[in-house]
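Beneath this line is the structure, given in structure tokens, with notes to follow.
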Amino acid sequence: DAAPALRWLHLRGAGIDRIATPRLVDSDIVLTNGSGNHAPNIAEHVLGLLLAFARGLPALVRAQQERRWQPPKAGTVFELGGQTLALVGVGAIGSALSQRAAALGMEVVGVRRSAGAAPPGVARVVRLDQLDAVLAVADHVAISLPLTAETRGLFSSARFAAMKPGAHLYNVGRGAIVDHAALLEALRGGRLAGAG
């Protein structure tokens with residue numbers, strides 16, 4: 001209403017779900033986005049979270065803030081090399097993350113709507129209908145999907161039950177892809193070791 005001459009609307013990020021109203025979709029306004037332009041820094045953010053969990057940094061930072069020496073408990077720190085990272089979404093972010101994770105010696109498995117050629121760093125790509133089989137063996141699961149009718153609530157209680165016990169989850173896609181109550185239940189019940 002405030003911009004009757006508007007002909008083109010560009011968003012700097014990838015997600016358009018908040019503004020793609022029926023009125024906008026039905027209009028003649030061109031809608032574009034900056035899909036992929038944040039891939040390097042989002043991939044590095046996930047990499048930072050992977051390293052933080054591997055080295056037990058959340059517990060160490062809490063202990064530091066409380067001014068106490070708290071060495072890591074046995075079995076709480078680990079090496080990322082040799083672990084499996086499932087990329088649920090192998091677009092620009094997944095591709096950027098795969099190269100970084102592979103450089104650390106992780107086995108990277110991509111999950112997307114259709115199988116195809118694997119981007120650099122991805123050992124293999126499987127279809128979305130094989131997601132639960134991949135979750136059963138993945139030590140880490142990084143979600144970088146757009147929010148669609150198909151992906152809304154994709155990570156539910158049933159999906160968390162399919163995950164490898166003690167796995168870590170990282171969601172840099174849209175929030176509604178994950179059922180947050182189910183995620184909290186999986187974390188509190190010890191099914192998942194952490195989420196970022």
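Quick caveat: nothing in here was measured; it's all calculated off a predicted structure.
Residues Leu192 and Met163 have side chains in contact (heavy-atom distance under 4.5 Å, counting atoms from C-beta outward). When side chains are defined from C-beta on, Leu50 counts as touching His140, because their heavy atoms get closer than 4.5 Å. Considering only heavy atoms from C-beta on, Gln70 stays 4.5 Å or farther from Gln64 through its side chain. Ile143 is not listed as a side-chain neighbour of Leu87, based on a closest heavy-atom distance of 4.5 Å or more. Side-chain contact between Leu97 and Leu85: present, with at least one pair of heavy atoms (C-beta onward) separated by less than 4.5 Å. Within the 4.5 Å cutoff, the side chain of Leu169 has heavy atoms near those of the Leu183 side chain.
With hydrogens and angles ignored, the 3.5 Å screen pairs a side-chain donor or acceptor of Asn171 with a backbone N or O of Arg174. A donor-acceptor contact shorter than 3.5 Å links the side chain of Gln130 to the backbone of Arg127. With hydrogens and angles ignored, the 3.5 Å screen pairs a side-chain donor or acceptor of Thr21 with a backbone N or O of Leu24. Under a 3.5 Å cut-off, the side chain of Ser144 and the backbone N or O of Gly89 do form a donor-acceptor pair. A donor-acceptor pair under 3.5 Å links the side-chain atoms of Ser95 to the main chain of Gly91, judged by distance alone. Counting only distance, with no hydrogens or angles, the side chain of Arg191 and the backbone of Ala161 share a donor-acceptor pair below 3.5 Å.
Each of Asp139, Val108, Val141 was evaluated against Thr84; a single residue qualifies, Asp139, per the side-chain contact (heavy atoms from CB on, under 4.5 Å) test.
Across all non-hydrogen atoms, the minimal contact from Ala39 to Ala92 is CB-O, 3.5 Å. Across all their heavy atoms, Pro58 and Ala52 have their closest contact at CD-O, 3.4 Å. Residues Ser98 and Pro120 come closest through the heavy atom pair OG-O, 2.8 Å.
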Go through it in stages, so that I can follow the logic: the residues are Val122 and Val109, the test is side chain to side chain contact (heavy atoms under 4.5 Å, CB included), and I'd like the CA-CA distance, side-chain angles, deciding distance and then a yes or no.
CA-CA 6 Å; Val122 177; Val109 179; 5.9 Å; no

Side chain to side chain contact (heavy atoms under 4.5 Å, CB included) assessment of Thr32 paired with Trp8
CA-CA 8 Å; Thr32 58; Trp8 181 12; 2.9 Å; yes

Under the side chain to side chain contact (heavy atoms under 4.5 Å, CB included) rule, what do Asn41 and His45 come out as? Steps first, then yes or no, please.
CA-CA 6 Å; Asn41 65 43; His45 182 80; over 6 Å; no

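Taking the charged nitrogens against the carboxylate oxygens, Asp132 and Arg159 do have a contact shorter than 4.0 Å, which makes a salt bridge. Using a 4.0 Å cut-off between charged side-chain N and carboxylate O, Arg113 and Asp129 make no salt bridge.
The salt bridge (charged side-chain N to carboxylate O under 4.0 Å, His left out) analysis of residues 84-111, with sequence neighbours excluded, yields the pairs Glu44-Arg100.
Aromatic pair Phe155/His180: centroids not less than 6.0 angstrom apart.
Around CD of Glu79, the count of heavy atoms belonging to other residues, nucleotides or ligands within 6.0 Å does not exceed 12. With a 6.0 Å radius and a threshold of 12 heavy atoms from other residues, nucleotides or ligands, Arg68 has its CZ atom above the threshold.
The structure places CG of Leu47 at 13.0 Å from CD1 of Ile42, a figure rounded to the nearest 0.5 Å. Distance check, rounded to the nearest 0.5 Å: CD1 of Ile177 to CZ of Arg152 gives 9.5 Å.
Hydrophobic cluster of Leu60: the remaining members, joined at side-chain heavy-atom separations below 4.5 Å, are Leu57, listed by chain and number.
Residues Val46 and Leu51 fall within the same hydrophobic cluster, defined by Ile, Leu, Val, Met, Phe, Trp and Tyr side chains chained together at heavy-atom separations under 4.5 Å.
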